[in-house]
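Report on the structure given below.
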Amino acid sequence: MRVLLTGNPNVGKSAIFSKLTGIDVTTSNYPGTTVEFFSGTMNWKGKTIEIVDVPGIYQLNPEAAAEKVAAQMIATGDVLLNVVDATNLERNLNLTLQLMKIGKPIVMALNMWDETKHKGIQIDVDKLSAILGIKVIPTSGRSGEGISCLADAVLNAKQAPETNWMDKDRWKTIGFIVDKVQNLSGRKHTTIEYIQDLFVNPVLGPVLSCGVLYAAFTGIMRLGKLIEKTVLSAFEKYYSHVILTISKFLGGSGFLHEILIGETGAGGVDFEAAMGVLTTGVYVSFGIVLPYVFLFYLVFGFLEDLGFLPRVAVIFDRLLKKAGLHGFSIIPMFLACGCNVPGILAVRNLETRRERFITAVLTGITIPCMAQTALVMRMVGENDGIFVLLVICTLLTVWCILGLFLKSTVKGITPSLLMEVPPYRLPGINAQLKKIRMRMTCFFKDAMPYVLGGIAFINVLRITGIIKLMGKLAEPLITGVFGLPQDAVLALIIGIIRKDTAVAMLAPLNLNSTQTFVAVIILILYFPCTATFTVLLRELGAVDTIKAVLLMLVTTISAGGLLNLALSTVYTPRGLLITEILIIILVIEILEPVKRAATEKKQ
Amino acid sequence: MKGTGCISLASCKEGQTGKVIAVLGDKHVRERLEVLGIRKGTVLMKKVQQMGQGPIIAAVGNLEIAVGFDLARNVIIRVEV
């Protein structure tokens with residue numbers, strides 16, 4: 001038997017799925033968390049039932065890619081388990097009535113039942129069940145209330161009764177049902193509601209949102225540095241003995257030694273510069289990437305479950321409009337700050353091809369992942385604090401100019417923002433722990449092989465002399481245009497595989513502060529890492545991916561070249577910073593009103 | 001006079017409550033709004049609007065819906081006096 005979990009977005013389908021199957025899936029507090037479907041099995045009373053978690057839809061006439069998948073999947077199920085948000089009965093019934101017309105057995109889970117009490121909502125479950133003619137079970141995905149009743153009901157699900165209402169009268173029917181079964185009583189504004197309203201206040205909202213984001217990022221950086229130091233000293237204390245033993249065993253030199261250990265100095269192992277799979281590879285994975293990614297997901301997971309992101313989408317709507325997008329695109333972009341892969345995956349929630357393309361391109365080019373950010377900030381910050389600001393402003397400038405370009409060149413439409421803004425919900429600790437565990441496992445599976453494999457690969461290139469050849473070939477670009485030493489080509493190649501490893505490889509090159517700055521900007525912009533490239537290809541298709549890659553190359557060469565030119569001739573870093581800020585203000589605040597005024601004049 | 005108090009969601013004041021009397025635009029636009037509960041007859045309250053033709057947050061029943069400015073111009077409401 002195949003049971004499909006269907007319902008509106010953000011009603012807790014994934015939480016119910018987890019409770020039924022024991023399989024961990026990501027849940028969060030915004031619509032569209034599940035973009036791919038998950039399937040699992042449940043053993044109940046001697047029977048094995050397949051459960052599929054379908055992406056949320058509002059109706060059976062879908063627009064977004066994720067909704068299309070859902071509608072197609074519904075046709076394949078034996079039983080439909082319709083998950084309904086009890087606090088929004090009216091809107092949810094719209095889908096229920098449409099599902100009933102399909103003629104498959106249906107069971108309704110009246111989810112978020114625990115929330116109805118403090119919201120002053122009373123629903124007569126028996127009456128609702130009688131009117132609809134299907135089993136209705138009050139549940140709470142969070143606490144697990146009602147789950148065993150639900151499993152029983154699914155096992156004995158019966159065909160939905162024939163409905164005799166007309167499609168055009170659907171809302172009338174819904175109104176009639178809601179009137180009969182639901183009773184609302186007055187309630188007070190809670191503290192958490194005051195806080196959530198402050199975050200969309202036109203004046204305080206942007207300040208608070210930016211404040212929270214700033215605090216989150218600096219917190220991650222500070223704490224990350226602390227963990228990094230601890231890991232490094234542990235590595236030097238314990239792990240270096242292991243390395244030296246292996247090094248001795250391998251005879252201190254040779255092909256295998258080069259690849260696994262790299263260079264060992266007289267004083268011990270320099271984990272950042274040795275460049276072996278077991279030295280630098282393991283250190284970058286555990287000492288640098290892991291702490292920052294872990295901390296990012298810890299903070300991000302909390303904000304995501306709280307309901308912070310949809311409000312950020314509202315706040316940033318106006319900015320994103322400059323790039324031909326609307327506020328919702330901030331969610332993929334924000335996700336990408338941890339790792340670009342989930343960011344690009346979340347692009348699927350956007351409605352039109354134009355939005356998906358622009359968001360994916362802007363994300364892939366201008367948003368560094370957390371590990372990369374941490375390394376970049378540390379490296380440029382070492383020389384002069386102003387370069388940290390300069391990196392941020394440069395990326396923002398590139399974002400603005402590229403966004404403006406994409407807005408005017410990519411054909412298609414971008415609809416206006418329209419989304420549900422869910423209430424703040426305090427995240428449960430268990431759900432948080434589960435989520436971080438899942439994300440970290442995912443990270444180890446996806447990222448570690450790339451770090452280790454990337455370093456092995458680059459060592460092979462180095463030993464065989466291919467790297468020298470590539471360096472020579474790329475010299476006009478690397479030295480001529482970007483003003484970097486020929487050795488930097490090594491880092492740029494590894495950047496295709498893993499960006500953070502590449503940034504770490506810049507450290508031993510002894511670049512001056514301008515070179516470091518240009519090099520990290522190029523590394524951030526020029527090409528997504530292999531993992532991101534793979535999802536980009538899958539989500540956009542071959543043609544659009546080629547377009548995206550071309551855009552990346554053009555952006556990188558012009559940005560890198562211009563920055564090098566600017567800093568090596570007339571500009572001081574401070575002057576460049578001011579110029580960039582002026583460009584950003586021009587794009588965001590001035591260009592559009594002027595354009596609008598011009599067209600109005602014409603008319 | 002007939003028609004007084006009819007105003008779009010984009011141009012009414014924050015805190016005003018009204019009943020939707022028409023949703024303009026093509027079928028696609030109307031459907032998008034409808035599935036989130038904004039349709040003819042819905043009572044909603046404009047909670048807040050972001051600056052510079054930014055999106056509007058409207059309270060519809062227990063829900064809060066963010067509506068882009070351009071879209072909000074399609075939602076015509078009769079403001080309760």
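Within every chain, numbering begins at 1; the chains are lettered A, B, ... in the order of the sequence lines, protein sequences first and strands thereafter. Atom set for the values below is all heavy atoms of this structure, side chains included, hydrogens, waters and symmetry mates excluded.
For chain A, the nearby part of B:I57 is the side chain; its heavy atoms alone come within less than 4.5 Å. Residue contact with chain B, scored on non-hydrogen atoms closer than 4.5 Å, involves the side chain of A:Q196 exclusively. Only the side chain of B:E14 comes within contact range of chain A, with at least one heavy atom under 4.5 Å from a heavy atom of that chain. Heavy-atom distances place no part of A:L89 under 4.5 Å from chain B, backbone and side chain included. For chain A, no part of B:I56 is nearby; none of its heavy atoms comes within less than 4.5 Å. For B:V48, the part lying near chain A is the side chain, with the backbone staying farther off; criterion is any non-hydrogen pair under 4.5 Å.
For the set B:L36, B:I65, B:D70, the count of heavy-atom pairs under 4.5 angstrom toward chain A peaks at B:L36. Between chain A and the options B:I38, B:V60, B:V67, the largest number of non-hydrogen pairs under 4.5 Å is found for B:V67. Taking A:I174, A:I315, A:D197 one by one and counting their heavy-atom pairs under 4.5 Å with chain B, the maximum is reached by A:D197. Top candidate by heavy-atom pairs under 4.5 Å with chain A, chosen from B:G52, B:A66, B:G61, B:G41, is B:A66.
Between the B:K19 side chain and the B:L44 main chain, no donor and acceptor come within less than 3.5 Å of each other. Here the side chain of B:T42 pairs a donor or acceptor atom with the backbone of B:R39 at under 3.5 angstrom.
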Please lay out, stage by stage, how B:R73 and B:S8 fare under the test side chain to side chain donor-acceptor pair (under 3.5 Å). CA-CA 5 Å; B:R73 280 203 285 219; B:S8 84; over 6 Å; no
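Of the candidates A:V11, A:T96, A:N111, A:T96 is the only one forming a side chain to side chain contact (heavy atoms under 4.5 Å, CB included) with A:V84. A side chain to side chain contact (heavy atoms under 4.5 Å, CB included) with B:V75 is found for one member of B:L33, B:V29, B:L24 and no other, namely B:L33.
Remark: B:F69 pairs with no residue by the ring pair (Phe, Tyr, Trp, His ring centres under 6.0 Å) rule, at least two apart or across chains.
In this structure the side chain of A:F308 reaches within 4.5 angstrom of the side chain of A:L213, judged on heavy atoms.
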